[in-house]
Student: 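Before I ask anything, let me first share the structure, which is written out below as C-alpha cells.
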Amino acid sequence: MSLNVFGEQLSAAALRERTGDLASVAGVREIELSNGVERGVRAVQVRTSAGLEFEVLVDRALDLGAARFRGVPVGWRSGNGFRHPGLHENNDEGGLSWLRALDGLLVSGGLDHTLFGAEVDADHYRYPPKQTVSHGLHGRLTAIPGRLLEAGEVWEGDRCTLRVRGEVVQATSFGEHLRLTRTVEADFDGLELRLYDVVDNLGFERTPHMFLYHLNFGWPIVDAGTEFVAPIAETTWRSDSVAEQGVSYRVQPDPQPGFVEQVYEHRLVPHADGRHRVALIRGDSTLGIEVTWDAATMPCFFEWQNLRSGQYAVGLEPSTHHVAGDAAARDDGSMTWLEHGESRTYRTTIRVLDGIDATSSARDAIRRVAGQPD
C-alpha cells in the first residue's frame, strides 16, 4: 500500500526521493512548553500529511492538548492553558479544582474515581487511620505527570504509524496503585487518531476503577447549527438546567451569555461491531468529528453542552459508570474492582470528517444503527 501525500500516491521510497527529511511532511516531535502556567510541561506534537495535528501532553497524564485540521482548531481551548501539574490542588475549591485543568481535546477522569466528588469507604485498604477516601471532581489522574516510553515513526513497508506511548502511575501508600499505559497513534497520511489504553492494578489490594474521557470540541466544529448525531435509545438523565433553559441537545445555538452547562446521560445503541458511534457535524456539513469506542468497556455516555460566551464547547464523554457516581456504583454492584494484576482495556478513535461526503456517510451509518429523539 502506498501513502496518500498531498493528493499523490507515493511509495516510501518515492517520498524519500522527494525530501531529505520526512518530518517536512509528517512526523512526531518532542517539545517542552516554556511560558506562564504551562512552563515545564513536556508534550509530543504529532502531524499527519493529511493535515491532522495534535499534542500529547506527557506531563498531563498523556492527555491530548491542542488539535487542528489543516490549521482549523478541532480541540476546545478553555483559556485555562495546559497548567503544570505542580500547580494543581486536587481537593481545592471544594473538589472542583479539576475545572482549572479543563482544557484541550482530551482530559481524562480516573483512575479510581470519576464524576462528582465523594467521600467513600476505604476499609479495603486495611489502614485504620484511613477510614474513608475523599475524591474531587473526576479524580486525580489529569494532574499526574507521565513517563514517556516511545515517540516516533514506525514503518512497515510503505506504511507508517506515528506513535506516542507512555504510562501514568496513580499511587499512594495504603491506597490505590493503578497504572495507565496509553498509546496514541495516527497513520502517516491519516485523518484519525487512535487511543489504546490499558489500566492495571499494580497493588495487592482490591481497588476500585472508574474511567472517563472528557473529549472537548470547540469552534468552528461547534457553531450555530452544529448537529450532535447519536443512536440514542433513551436519555436516562439530564441536568436541571435543560428544563430551565430549553436549549436543544441536538442542534447547537450561538454562544449564550451566562449559559448554565447542560449535561445528559444518553443510553446508546451499539453498532453490530460492538462499538458506540457519535458525531458532531457542522450545519453546512462541510466538517465534522466522529468518535467511536468499545461499548463493552465504556457502556455509558454523557453529552456536555458548555455554550457560554467565551467557553463555547460540546463535550462527548464515554464513561465506565453512570452519572450517579462512585458511592452508587458500590451500592448497586456496578463498580469495577481490580485485583492485583487485573486490567481493563479501552480502544477509542477520533476521526475528522472532511467534506460533505464524509459527514453524510457518518450520519447515515449512525442512523442505520438507531434514530434519536428531537
Student: Under a 3.5 Å threshold, yes or no: a donor from one side chain and an acceptor from the other, between Arg275 and Thr292?
Tutor: yes
Student: For Asp103, is there an ion pair with Arg83 - N to carboxylate O distance below 4.0 angstrom?
Tutor: no
Student: Counting only heavy atoms not in His322 (residues, nucleotides, ligands), do more than 12 fall under 6.0 Å from its NE2?
Tutor: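 No, not enclosed.
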Student: Side chains of Asn201 and Glu339: is there a donor and an acceptor less than 3.5 Å apart?
Tutor: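 Judged by distance alone, the side chains do not pair up.
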Student: Under the side-chain contact (heavy atoms from CB on, under 4.5 Å) criterion, do His135 and Asp112 qualify, and how do the steps go?
Tutor: CA-CA 9 Å; His135 295 291; Asp112 61 340; 3.3 Å; yes
Student: Can you give me the closest heavy-atom contact between Leu115 and Gly325, atom names plus distance?
Tutor: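 What the structure gives for the nearest pair is CD1-CA, 3.7 Å.
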Student: Side chains of Ser108 and Asp63: donor-acceptor distance under 3.5 Å anywhere?
Tutor: yes
Student: When you group the ILVMFWY residues by side-chain heavy-atom contacts below 4.5 Å and let the links chain together, are Ile289 and Leu52 in the same group?
Tutor: yes
Student: Taking the basic N atoms (NZ, or NE/NH1/NH2) and the acidic carboxylate oxygens, is any pair closer than 4.0 Å for Asp92 and Arg100?
Tutor: no
Student: Counting N and O atoms only, with roles assigned by atom type, does the side chain of Ser248 sit under 3.5 Å from a partner on the main chain of Val251, one being a donor and the other an acceptor?
Tutor: yes
Student: Are any of the side-chain nitrogens in Asp121 or Arg330 under 4.0 Å away from the carboxylate oxygens of its partner?
Tutor: no
Student: Can you list every pair that meets side chain to side chain donor-acceptor pair (under 3.5 Å) and has a residue in residues 33-53, with sequence neighbours left out?
Tutor: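 As it turns out, the side chain to side chain donor-acceptor pair (under 3.5 Å) pairs with a partner in residues 33-53, which skip direct neighbours, are Arg42-Asp59.
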Student: For the atom pair CG (Leu57) and CG (Leu106), what is the distance rounded to the nearest 0.5 Å?
Tutor: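 One gets 9.0 Å once the value is rounded to the nearest 0.5 Å.
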Student: Is Arg165 positioned over the aromatic face of Tyr196, cation under 6.0 angstrom from the ring centre and no more than 45 degrees off axis?
Tutor: no
Student: For Thr114 and Leu212, indicate whether the former's side chain and the latter's backbone hold a donor-acceptor pair under 3.5 Å.
Tutor: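 Between the backbone of Leu212 and the side chain of Thr114 there is no qualifying donor-acceptor contact (under 3.5 Å).
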Student: Report the C-alpha distance between Phe188 and Trp155 in whole Å, list the side-chain angles of each, state the deciding distance to 0.1 Å, and finish with yes or no for ring-ring contact (aromatic ring centres under 6.0 Å, His included).
Tutor: CA-CA 9 Å; Phe188 187 93; Trp155 285 90; 5.7 Å; yes
Student: Should the heavy atoms of other residues, nucleotides or ligands under 6.0 Å from CZ of Phe116 be counted, would the total exceed 12?
Tutor: no
Student: Give me the atom names and distance for the closest heavy-atom approach of Leu62 to Gly166.
Tutor: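 Where Leu62 meets Gly166 most closely, the heavy atoms are CD1-C, 3.4 Å.
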Student: For Glu150 and Arg163: C-alpha separation, side-chain torsions, deciding distance, then whether salt bridge (Lys or Arg N to Asp or Glu O under 4.0 Å) applies.
Tutor: CA-CA 7 Å; Glu150 179 183 5; Arg163 180 179 298 156; 3.7 Å; yes
Student: Among Asp374, Ile232, Thr235, find the one that has a side chain to side chain contact (heavy atoms under 4.5 Å, CB included) with Tyr249.
Tutor: Ile232
Student: Without hydrogens or angle criteria, can the side chains of Ser24 and Thr19 be said to hold a donor-acceptor pair below 3.5 Å?
Tutor: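 Per modelled atom types, Ser24 and Thr19 side chains form a pair under 3.5 Å.
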Student: Consider only side-chain N and O atoms of Glu303 and His266, and report whether a donor and an acceptor are under 3.5 Å apart.
Tutor: yes
Student: Quick one: does any side-chain atom of Asp21 pair with a main-chain N or O of Ala23 as donor and acceptor, under 3.5 Å?
Tutor: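 Pair found, side chain donor or acceptor close to backbone of Ala23.
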Student: Do Asp197 and Arg344 meet the salt-bridge criterion of a basic N to acidic O distance under 4.0 Å?
Tutor: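 No salt bridge links Arg344 with Asp197.
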Student: Starting at CD of Glu8, measure out to CG of Leu15 and round the result to the nearest 0.5 Å.
Tutor: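 Spacing of CD (Glu8) from CG (Leu15) equals 10.0 Å.
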Student: Indicate whether any N or O donor in one side chain lies under 3.5 Å from an N or O acceptor in the other, for Arg140 and His113.
Tutor: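 Short answer, no.
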Student: Do Ile221 and Asp223 have side chains that approach each other closer than 4.5 Å (heavy atoms only, starting at C-beta)?
Tutor: no
Student: Is there a side-chain contact between Trp76 and Gln311 in this structure, where contact means two heavy atoms from C-beta onward sitting under 4.5 Å apart?
Tutor: yes
Student: So Thr349 and Leu193, do their side chains get closer than 4.5 Å, heavy atoms only?
Tutor: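 Leu193 vs Thr349: side chains apart.
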Student: Got a second to check how far Glu167's CD is from Leu149's CG, nearest 0.5 Å?
Tutor: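 These two atoms lie 5.0 Å from each other.
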Student: What is the minimum heavy-atom distance between Arg60 and Pro85, and which atoms define it?
Tutor: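 In terms of heavy atoms, the two residues are closest at CD-CD, 4.4 Å.
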Student: Are Leu180 and Val169 connected in a single hydrophobic cluster, I mean Ile/Leu/Val/Met/Phe/Trp/Tyr linked by side-chain heavy atoms less than 4.5 Å apart?
Tutor: no
Student: For Arg159, look at atom CZ and say whether over 12 heavy atoms of other residues, nucleotides or ligands are found less than 6.0 Å away.
Tutor: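 More than 12 heavy atoms, drawn from other residues, nucleotides or ligands, come within 6.0 Å of this atom.
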Student: May I ask whether Val168 and Leu64 are part of the same hydrophobic cluster, defined by side-chain heavy atoms of I, L, V, M, F, W, Y residues being less than 4.5 angstrom apart, directly or through others?
Tutor: yes
Student: Taking side-chain hydrogen bond (donor to acceptor under 3.5 Å, both in side chains) as the criterion, tell me which of Gln262, Glu261, Glu317 meets it with Trp304.
Tutor: Glu261
Student: Grab the two heavy atoms, one from Phe174 and one from Tyr125, that are nearest each other, plus how far apart they are.
Tutor: O-CB, 3.5 Å
Student: Please check if the number of heavy atoms outside Trp219 that lie under 6.0 Å from its CH2 is greater than 12.
Tutor: no
Student: Regarding Gln252 and Thr226, do their side chains bring together a donor and an acceptor under 3.5 Å, going by distance alone?
Tutor: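 No - no donor-acceptor pair under 3.5 Å links their side chains.
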Student: Please find out if less than 6.0 Å separates the ring center of Phe302 from that of Tyr264.
Tutor: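 Ring-ring flag for Phe302/Tyr264: false, centres at least 6.0 Å apart.
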Student: Got Val107 and Asn216 here, is their nearest side-chain heavy-atom distance under 4.5 Å?
Tutor: yes
Student: Measure the shortest side-chain to side-chain distance between Thr207 and His177 over non-hydrogen atoms and say whether it is less than 4.5 angstrom.
Tutor: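 Side chain of Thr207 against side chain of His177, heavy atoms only: no contact under 4.5 Å found.
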Student: Are any of the side-chain nitrogens in Arg367 or Glu227 under 4.0 Å away from the carboxylate oxygens of its partner?
Tutor: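 Judged by the 4.0 Å cut-off on N to carboxylate O distance, Arg367 and Glu227 do form a salt bridge.
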Student: Using 4.0 Å as the upper bound for N to carboxylate O, is an ion pair formed by Glu265 and Arg267?
Tutor: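 No, no charged N to carboxylate O under 4.0 Å.
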Student: Quick one: CD1 on Ile281 to CD1 on Ile356, what's the gap to the nearest 0.5 Å?
Tutor: 11.0 Å
Student: Does Val184 reach the side chain of Phe54, with side-chain heavy atoms less than 4.5 Å apart?
Tutor: yes
Student: Considering non-hydrogen atoms only, spot the tightest contact between Ala362 and Glu290 and give its length.
Tutor: CB-OE2, 3.9 Å
Student: For the CG atom of Leu102 and the CG atom of Leu137, what is their distance to the nearest 0.5 Å?
Tutor: 9.0 Å
Student: Any chance CG of Asp240 has more than 12 other-residue heavy atoms, nucleotides or ligands included, within less than 6.0 Å?
Tutor: no
Student: Keeping the roles fixed (side chain from Gln256, backbone from Pro253), state whether a donor-acceptor pair exists under 3.5 Å.
Tutor: no
Student: Roughly how far, to the nearest 0.5 Å, is CD of Gln245 from CG of Leu307?
Tutor: 8.5 Å
Student: Could you verify whether a donor N or O on one side chain and an acceptor N or O on the other, from Thr132 and Glu119, lie under 3.5 Å apart?
Tutor: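 A donor-acceptor contact under 3.5 Å links the two side chains.
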Student: Do you know the tightest heavy-atom contact between Leu338 and Val199?
Tutor: CD1-O, 4.2 Å
Student: Side chains of Glu153 and Cys160, heavy atoms from C-beta outward: is any pair under 4.5 Å?
Tutor: yes
Student: In terms of the angle between their ring planes, are His138 and His214 parallel, tilted or perpendicular, with boundaries placed at 30° and 60°?
Tutor: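 Rings of His138 and His214: perpendicular, as their planes differ by over 60°.
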Student: Between Trp293 and Phe301, does the ring centroid distance fall short of 6.0 Å?
Tutor: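 That pair passes the under 6.0 Å test.
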Student: Do Gln372 and Pro231 make a side-chain contact, defined as non-hydrogen atoms from C-beta onward lying under 4.5 Å apart?
Tutor: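 Side-chain contact under 4.5 Å: no.
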Student: Run the side-chain contact (heavy atoms from CB on, under 4.5 Å) check on Asn306 and Tyr312 step by step: do they pass?
Tutor: CA-CA 6 Å; Asn306 181 17; Tyr312 196 51; over 6 Å; no
Student: Quick one: does any side-chain atom of His340 pair with a main-chain N or O of Glu205 as donor and acceptor, under 3.5 Å?
Tutor: no
